[in-house]
Structure formats: structure tokens, C-alpha cells
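Each chain gets a letter, A, B and so on, in the order its sequence line appears, and its residues count up from 1.
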Protein chains: 2
Amino acid sequence: MARKPADQSVNREEIITAAADVLSRRGYETATMKDIAAAVNLTAASLYHHFRSKDALLLAVLEMGLEFTINRIQPITCQRGLSAEERLRAMIREHIVGVADNPAVGAAMVFEIHALSHAKPPTRRAKPEDVQAFEAFLTQRDAFFRRRDAFEHLFRAVVQEGVRSGEFHPVDVPIFVKALLGANNWVGVWYRPDGRLSGEAIAAEITGYFIPALVMRKGARDGLV
Amino acid sequence: MARKPADQSVNREEIITAAADVLSRRGYETATMKDIAAAVNLTAASLYHHFRSKDALLLAVLEMGLEFTINRIQPITCQRGLSAEERLRAMIREHIVGVADNPAVGAAMVFEIHALSHAKPPTRRAKPEDVQAFEAFLTQRDAFFRRRDAFEHLFRAVVQEGVRSGEFHPVDVPIFVKALLGANNWVGVWYRPDGRLSGEAIAAEITGYFIPALVMRKGARDGLV
DNA sequence: GTTATAATCGAATCTGCATTAGATTATTTC
DNA sequence: GAAATAATCTAATGCAGATTCGATTATAAC
């Protein structure tokens with residue numbers, strides 16, 4: 001019968017967390033399975049008990065990071081009683097604070113997604129099971145990319161709603177969101193926990209940059225693109 | 001005596017350009033020297049006549065991209081007779097259009113800089129000349145990073161000037177510039193030449209997002225962070 | 001305690017590249 | 001055309017690092 005995993009044994013999630021950290025420090029290609037294993041006191045070989053391949057591990061790291069972020073942001077989008085501006089503000093805050101609180105994941109979401117796109121197919125003469133596994137990987141990867149698009153659409157929907165209702169200026173919604181997410185993601189690249197500003201402070205600052213483009217107070221709307 | 005290179009022979013610059021393209025498609029670690037060589041009809045071995053190592057080639061790609069961008073933007077910063085806002089607008093435009101015109105380089109500037117940080121030192125038992133070469137590489141890499149900082153400071157200087165003179169709101173200058181450059185760099189990640197908008201149009205759009213945070217027309221400044 | 005399987009390890013493989021070695025060809029200079 | 005060197009090639013070399021294999025240990029279920 002199936003048995004419960006032992007308590008002191010390393011579980012999937014611990015590995016993913018540790019891997020995110022190692023990846024952010026060494027980068028996907030430079031980080032070895034041995035490095036990652038060492039971070040959880042395992043051998044490289046042992047990692048293959050938990051993940052089919054290095055690529056699969058990377059995918060798991062990115063999926064975890066994305067789900068984490070979506071789980072924080074998605075509820076905000078449908079909060080009744082909040083204006084589009086209020087929701088957008090809250091979403092930006094959550095996004096940036098989330099990145100700042102998990103710089104490893106934040107950096108991975110920018111840099112290592114790249115590696116995901118370049119996963120190498122099994123070479124000729126690969127066992128059929130390997131080909132199978134790779135196709136499963138591709139399917140899972142596509143799902144990840146769709147999920148990432150869904151994340152972007154959370155922002156688009158709120159901005160779009162604000163534009164429709166006249167609360168926001170008629171910006172180009174896809175481009176606005178790309179610019180916003182670019183700025184937010186970039187935080188994961190340069191943020192240092194021991195830096196001058198906290199994640200909260202940075203979030204407040206950056207929110208203040210993007211909101212005025214959408215909302216102009218006191219009716220002074222002319223003169224703006 | 002030194003002789004002029006033959007006319008039909010491949011030169012450094014062609015290799016760098018081709019390498020940028022290959023790198024943007026395959027990524028640094030995935031792209032092989034053979035791939036890059038093939039893009040200029042050479043053999044992998046031949047590349048070593050032009051570049052000491054793969055790392056050195058990557059560095060050359062990034063240096064070229066950075067110099068290109070700085071050369072377009074630096075002159076704007078000191079144009080007499082233009083307000084800070086006018087200069088900043090022009091700088092953003094040049095930056096984004098530059099990225100859109102060279103998507104390969106733009107993407108490399110975001111993704112592959114990472115690889116640069118992870119260049120591997122020569123293994124033990126390396127010939128002293130190799131150690132020498134690696135140290136030279138490190139020096140050059142540091143210079144590159146300083147140059148990149150200098151690039152960032154071009155933006156900071158203009159924003160700072162606007163803030164000092166009262167033309168701009170008192171934003172947190174370093175953070176503002178990080179957010180701006182994040183949005184701009186991100187264009188290199190998602191821009192497609194056959195997309196809906198031209199580089200110019202995107203530049204105009206994004207400029208319109210950041211300027212209102214700095215400049216509020218018609219004196220309606222209250223209510224803003 | 002016996003069995004099944006989860007979790008781990010040490011010690012091979014196996015292979016894909018970066019890089020080197022040693023020619024060969026091309027071009028310029030004189 | 002001879003000398004020098006730039007530019008290229010073909011054919012190794014070498015190695016790091018992902019992945020596999022086959023054992024071994026630990027734990028849960030019964």
C-alpha cells in the first residue's frame with residue numbers, strides 16, 4: 001500500500017525553494033544538480049527521485065513562483081466595492097512586495113524563463129519513455145506559459161475596466177500592462193533586501209509613477225496624450 | 001608588416017551582430033560556438049581567431065549593444081535649450097526605438113547579462129596565460145558594468161535636474177529610473193517586429209506613462225504622491 | 001517481523017560542447 | 001615571388017555535468 005513519506009525526508013517543496021535560491025545565485029545553466037542537491041543535503045542522484053530532469057525542476061520552480069503571485073493578486077481583481085484604481089494599486093503593491101519578499105523567485109521569473117524555452121529534446125536513440133516524458137514536459141510548459149498570460153490578463157482586465165468606465169484615460173491597455181509588469185519584474189533584478197528601501201516603499205513609489213498616467217485629479221486632463 | 005584584412009573575410013563586427021542574433025534565439029548557454037560560427041559561414045575553431053573565448057564573445061556583444069545605446073542617448077542629455085522633460089522624452093524614445101530596431105541586442109541586454117556574471121574561471125592546472133586572460137576578462141567585464149551604471153546615470157542626471165529645478169515632482173530618482181528602464185528593457189523581451197505597433201508608437205505610448213508622474217499640467221498637483 | 005515502497009547514496013555512463021593543435025590557404029607588402 | 005601574417009579549416013582533446021544503475025536504508029502498513 002501507499003505509505004506516508006517519512007518526516008525527516010526532504011519533500012518536493014523544500015527542493016523547489018532551495019532550487020529557486022541556487023538558481024537565482026548561479027543561474028540555470030551554471031547551477032549544477034549537485035549544487036541544488038547540496039542545498040538540501042542530498043546527492044544529485046537523489047534529486048531524480050523527486051524530479052524527472054533538471055528542466056522539470058526549473059519548471060516546478062517557476063510554476064511555484066507564478067502560482068504564489070497569482071494567488072495573491074487574483075482575489076484583488078474581483079473585490080466588490082473597490083474602484084479600478086484602488087484594485088490596480090493593490091495589485092501593483094502585492095506584485096512588487098511579493099517579488100521583494102522572494103528575490104530568488106523574482107529573479108528566476110525574469111531570467112530563467114528564458115532557459116525554459118530552450119529545453120533540449122531527447123537525442124536520437126532515446127528510449128520511447130524519454131520521448132513520452134519530454135512531450136509531457138512540453139505540455140506542462142505550455143500550460144505554464146498560458147498561466148503566465150492569464151496573470152497578465154488579470155492586470156489587463158482591471159485597466160480595461162477602468163478605461164471602459166471612463167475612470168482611466170484611454171491608454172493602450174496591452175502596452176500599459178507590459179510597461180507596468182516590466183517595471184515590476186525588474187525589481188527582482190535590482191532589489192537587495194539590505195537596500196535603502198523596503199519592498200513596501202518601492203511598491204508605493206512605483207505605484208505613484210503609473211497611476212497618474214491613468215488618473216488625473218482636479219480635472220486637468222488636457223495636454224496629456 | 002601588418003597587413004590589412006582581406007575584404008571577403010569575416011570581421012569582428014559581423015560576428016558580433018550574428019552572435020547577438022543567435023544568442024537572442026537560443027540563449028547563451030544553449031547557443032553553441034558552432035551555431036554562432038555557422039551564422040557567418042565559419043567553423044567554430046575559426047571564431048577563436050577573433051575572440052579568446054565564448055565569454056569574451058558574449059561580452060563583446062553586450063558592449064556593442066550598450067555603446068550603441070549610449071551613443072544615441074548621451075548627446076541628448078546635454079542639449080542646451082531643451083527642458084528636462086523634453087530631453088527625457090527624447091531619451092526614452094531613443095532607448096525604446098533602439099531596442100525595437102535591434103531586438104536581438106535588446107533581449108541579450110536583459111537575459112544574457114546574467115550569463116556574464118557567471119563566467120567560469122579557468123580550472124586548476126590551467127596555463128598561466130589562461131589565468132592572465134581570465135583576469136583581463138574580469139577587468140573588461142567590470143568596465144562593462146561600470147559603463148552600464150553610467151548609462152543609468154544619464155537618466156538619473158536629467159530626472160534629478162528636473163526635480164532640483166522644480167520642473168519635476170520630487171520622485172525618488174533612483175527608483176524612478178529603475179522603473180523606467182525596467183519598462184524600456186522589457187520591450188526587448190516582448191517586442192515583435194511584425195507586431196501591432198511600431199517601435200516609435202510603443203515609445204510614444206510608454207513615454208506618455210512616465211511623464212505625467214513627473215509633470216502635472218494646469219497646476220493640478222495636489223492629490224499626487 | 002515481513003513486505004512493499006519511498007528515499008537515499010556511490011559509482012559509473014555518456015555526451016555535448018568549448019577549446020586546442022596543427023595544417024592550409026589567402027592576401028598584402030616589399 | 002618571397003616573406004609575413006591573417007583567416008580559415010579538419011581533426012583531436014578534455015572535461016564538466018546531466019543522467020542512469022544498482023545497491024542500501026528507512027519507514028509505514030499489515
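A search for side chain to side chain donor-acceptor pair (under 3.5 Å) contacts involving B:Gln132 returns nothing, not counting sequence neighbours. Residues passing the side chain to side chain donor-acceptor pair (under 3.5 Å) test with A:Glu67, sequence neighbours excluded: A:Arg147.
Rounded to a whole Å, the CZ atom of A:Arg12 is 15 Å from the C1' atom of C:dA7. Atom CD in B:Glu14 sits about 9 Å away from atom P in D:dT8, given to the nearest Å. Between B:Arg26 atom CZ and C:dC17 atom C1' there is a gap of 14 Å when expressed in whole angstrom units. Straight-line distance from the CD1 atom of B:Ile36 to the C1' atom of C:dG16: 15 Å, rounded to whole Å. When rounded to the nearest whole Å, the span between CG of A:Leu47 and C1' of C:dG10 equals 15 Å. Separating the CZ atom of A:Phe51 from the P atom of D:dA18 is a distance of 15 Å, rounded to the nearest angstrom. Distance A:Lys34 NZ to C:dG10 P: 11 Å, rounded to the nearest Å. What separates NE2 of A:His118 from P of C:dC17 is a distance of 13 Å, to the nearest Å.
Each salt bridge (charged side-chain N to carboxylate O under 4.0 Å, His left out) pair with one or both residues in residues 42-59 of chain A, not counting sequence neighbours, would appear here, but there are none.
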Side chains of residues 181-188 of chain B: which donor-acceptor pairs under 3.5 Å do they make with residues two or more places apart or in other chains?
{"from": "B:Asn184", "atom 1": "ND2", "to": "B:His95", "atom 2": "ND1", "distance (Å)": "3.0"}
{"from": "B:Asn185", "atom 1": "ND2", "to": "B:Leu181", "atom 2": "O", "distance (Å)": "3.1"}

Criterion ring-ring contact (aromatic ring centres under 6.0 Å, His included) on B:Phe111 and A:Phe111, from CA distance to verdict: CA-CA 6 Å; B:Phe111 291 124; A:Phe111 291 124; 7.1 Å; no

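Contacts of B:Thr32 with the nucleic acid, taken as non-hydrogen atoms under 4.0 Å apart, involve only primed sugar atoms and P, OP1 or OP2. Using a 4.0 Å heavy-atom distance criterion, B:Ala37 is classed as making no nucleic acid contact. Among the atoms of the strands shown, none is found under 4.0 Å from any heavy atom of B:Asp35.
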Distances under 3.5 Å only, N/O to N/O: pair up the protein atoms with those of nucleotides 19-21 of chain D.
{"from": "D:dT19", "atom 1": "OP2", "to": "A:Tyr48", "atom 2": "OH", "distance (Å)": "2.6"}
{"from": "D:dT19", "atom 1": "OP2", "to": "A:Lys54", "atom 2": "N", "distance (Å)": "2.9"}
{"from": "D:dT19", "atom 1": "O5'", "to": "A:Tyr48", "atom 2": "OH", "distance (Å)": "3.3"}

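Using a cutoff of 4.0 Å between basic side-chain nitrogens and carboxylate oxygens, B:Glu152 and B:Arg148 are not scored as salt-bridged. Classification of B:Asp172 and A:Arg196 as a salt-bridged pair holds, one side-chain N sitting under 4.0 Å from a carboxylate O. Looking at B:Arg25 and B:Asp21, a side-chain N of the basic residue comes within less than 4.0 Å of a carboxylate O on the acidic one, giving a salt bridge.
Comparing the start and finish of the helix from C:dG1-D:dC30 to C:dC30-D:dG1, five pairs each, the helix axis swings through 20°, to the nearest 10 degrees.
Residue A:His49 places at least one side-chain N or O closer than 4.0 Å to OP1 or OP2 of C:dA7. When the side-chain nitrogen and oxygen atoms of A:His50 are compared with OP1 and OP2 of C:dA6, none of them lie within a distance under 4.0 Å.
In terms of position on DNA chain D, the residue among B:Ser46 and B:Lys120 whose nearest nucleotide sits closer to the 5' end is B:Ser46.
Considering every non-hydrogen atom in both A:Phe210 and A:Ala179, the closest pair reads CZ-O, 3.8 Å.
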